[in-house]
Amino acid sequence: MTSAAWTLMIPAQRVQEFRDLLADLNRDLSGLADRARHAGYHRERMWLQPNSDGSAQLIVHLELDDGVDLPTLAQRLLTYESDFTRWWSPRFSSFGFSTTVGELLLSWDADA
């Protein structure tokens, strides 16, 4: 299993707006699920880690389907279009979504 994680800084003045966006998303996850199936991942977790200045770090973890690598996932996410992405993408992107993939420094599996 391959997984990916990334972070995004949410400015203090937009933290509640981001929480509201995720609350809206949580009401109907079907569009997110369709996009995930197309892009090649089957599990997503998001955390909001508060900072002392009132801002927060969004932490996202994805578990990818077998045979899907990060460049493929990124390309599929950027090109997939649906009613969901027409609603979600501009809102999410307004927080500064990055299209680059970070550097993996450690990968460890207790089952290995």
Once rounded to the nearest 0.5 Å, what's the spacing between atom [atom1] of [X] and atom [atom2] of [Y]?
{"X": "His42", "Y": "Glu63", "atom1": "NE2", "atom2": "CD", "answer": "4.5 Å"}
{"X": "Leu25", "Y": "Phe84", "atom1": "CG", "atom2": "CZ", "answer": "5.5 Å"}
{"X": "Leu48", "Y": "Phe18", "atom1": "CG", "atom2": "CZ", "answer": "6.5 Å"}
{"X": "Arg19", "Y": "Leu22", "atom1": "CZ", "atom2": "CG", "answer": "10.0 Å"}
{"X": "Glu44", "Y": "Leu64", "atom1": "CD", "atom2": "CG", "answer": "10.5 Å"}
{"X": "Leu77", "Y": "Leu62", "atom1": "CG", "atom2": "CG", "answer": "7.5 Å"}

Between the side chain of [X] and the main-chain N/O of [Y], is any donor-acceptor distance below 3.5 Å?
{"X": "Asn51", "Y": "Asp53", "result": "no"}
{"X": "Thr72", "Y": "Val68", "result": "no"}
{"X": "Arg14", "Y": "Ser94", "result": "yes"}

Quick one: do Val15 and Met9 end up in the same hydrophobic cluster if we chain Ile, Leu, Val, Met, Phe, Trp and Tyr together by side-chain heavy atoms under 4.5 Å apart?
no

If hydrophobic clusters are built from ILVMFWY residues whose side chains come within less than 4.5 Å, do Tyr80 and Tyr41 share one?
no

Could you list who else is in Trp47's hydrophobic cluster, with ILVMFWY side chains joined at under 4.5 Å, directly or through other members?
Ile59

Side-chain contact, heavy-atom cut-off 4.5 Å: [X] with [Y]?
{"X": "Ser3", "Y": "His61", "value": "yes"}
{"X": "Asp24", "Y": "Trp87", "value": "yes"}
{"X": "Phe92", "Y": "Leu58", "value": "yes"}

Taking all atoms of both residues into account, what is the closest heavy-atom pair of Arg76 and Gly40, and its distance?
NH1-CA, 4.0 Å

